[in-house]
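Working notes for the structure below.
Quick note on labels: first sequence line is chain A, next is B, and so on, each numbered from 1.
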Amino acid sequence: MVVRTRKTEPLPPDFYAQPTLRVAEALLGKVLVHDSPDGCASGLIVETEAYIGEDDPACHASAGRTARNAPLYGPPGLTYVYFNYGMHYLVNAVTEAVGFPAAVLIRALEPLDGIALMRARRMHGRSASACRAVPDRDLCRGPGNLTRALGIGARQNAMPLWSGALRIVDRGLAIGAVVTGPRIGISVGQDRPWRYWVASHPSVSGRRCRPESGGRSQSGSS
DNA sequence: CGTTCGATGCACT
DNA sequence: GTGCATCGAACGT
């Protein structure tokens, strides 16, 4: 019984046909991979958010089915990629059952493979010096940043995550403690604690977790 | 260190 | 025309 190689099995479609909160938590520690013509890039999922049903005011389906949000109503395990703020793509994994609109937003990754490629993609349209200053841990920090680093765009919308170029796999990697709290970046539905992240992980978005002691934050300079 | 604000395109009212 | 599941430069403390 050797076969102790790194597992790279994609999560099966059934994985996504579960309650969205369970999927959102279970996706932490899995690996999002994109094989593109430019090369392969991947990262460990360390932050997610759930968007559940037409009753969720922050869910894109809150106003009913439209052309844009149609993938939310489709089969679980497909992507829902959309364009926001005129410049960012955001990627979701569709969950639950056909006809019920719900998904998990991937908000942050810890870069694993293809770090040079990620940095090259994020360099697009900005000065080389500014890009060189971006630490590895920030390359996929935030939902807009990770799609840029992985080369995810409108062409990846409504694509299966269990096969094909863009997929989520389980490599059996261990993660730290999981924390939950309110979703961020939204103006409604903030009462629902449907955001999940790995505690104290440096690639999680939002306000940076301050290091334990040693940092003097309240000193009046001069 | 913290907070504010402009960029930028598209879906939807 | 309005508002958005964002980002980072610019400014104030």
Taking only side-chain N and O atoms of [X], does any of them lie within less than 4.0 angstrom of OP1 or OP2 on [N]?
X      : N      : result
A:R141 : C:dT6  : no
A:N69  : B:dA11 : no
A:S205 : C:dT6  : no

Requested in this report: Classify the nucleic acid contact of A:R183 as base, sugar-phosphate or nothing, counting any heavy atom under 4.0 Å across all strands shown.
Outcome: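 Answer is nothing: A:R183 stays at 4.0 Å or more from every strand.
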Report task. Would you classify A:L105 as touching base, sugar-phosphate or nothing, given that sugar-phosphate means primed atoms plus P, OP1 and OP2, and contacts are heavy atoms under 4.0 Å? Result -> base
Query raised in the report: If we take the P atom in both B:dT3 and C:dA5, what is their distance in whole Å?
Result: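 That atom pair is separated by 22 Å.
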Query raised in the report: What dot-bracket string describes DNA chain B from 5' to 3', counting Watson-Crick and G-U wobble pairs whose defining distances are under 3.5 Å, with [ ] for crossing pairs and | for pairs to another strand?
Result: |||||||.||||.
Query raised in the report: When you look at CG of A:D191, are more than 12 heavy atoms from neighbouring residues, nucleotides or ligands closer to it than 6.0 Å?
Result: yes
Requested in this report: Measure the distance from OH on A:Y80 to C1' on C:dC4 and round it to the nearest whole Å.
Outcome: 11 Å
**Report entry** Rounded distance in Å - CG (A:N157) to C1' (B:dA11)
**Finding:** 14 Å
Query raised in the report: Apart from A:L90 itself, which Ile, Leu, Val, Met, Phe, Trp or Tyr residues share its cluster (side-chain heavy atoms under 4.5 Å, direct or through members)?
Result: A:Y51, A:L72, A:Y73, A:Y80, A:Y82, A:V94, A:L105, A:I186
Query raised in the report: Can you check whether A:H88 reaches A:T147 side chain to side chain, under 4.5 Å on heavy atoms?
Result: no
Report task. Taking all heavy atoms of A:D170 and all of A:G172, pick out the closest pair and write down the distance. Result ->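 Between these two residues, the closest heavy atoms are OD1-N, 2.8 Å.
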Report task. With rounding to the nearest 0.5 Å, note down the distance linking CG in A:D55 to CZ in A:R192. Result -> 7.0 Å
**Report entry** Single-linkage hydrophobic cluster, 4.5 Å side-chain cutoff, A:I184 and A:V46 together
**Finding:**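 No, A:I184 and A:V46 fall in different hydrophobic clusters.
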Requested in this report: Check each residue of residues 82-102 of chain A for a non-hydrogen atom within less than 4.0 Å of any atom in DNA chain B, then write out the ones that pass by number, or none.
Outcome: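 Correct list: A:F83, A:Y85, A:G86, A:M87.
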Report task. Would you please test A:D56 and A:R183 for salt bridge (Lys or Arg N to Asp or Glu O under 4.0 Å) and show each step? Result -> CA-CA 12 Å; A:D56 174 5; A:R183 296 174 292 183; 2.8 Å; yes
Requested in this report: Before giving the answer on side-chain contact (heavy atoms from CB on, under 4.5 Å), spell out for A:D35 and A:R167 the whole-Å C-alpha distance, their side-chain angles and the decisive distance to 0.1 Å.
Outcome: CA-CA 9 Å; A:D35 275 315; A:R167 55 198 185 277; 2.8 Å; yes
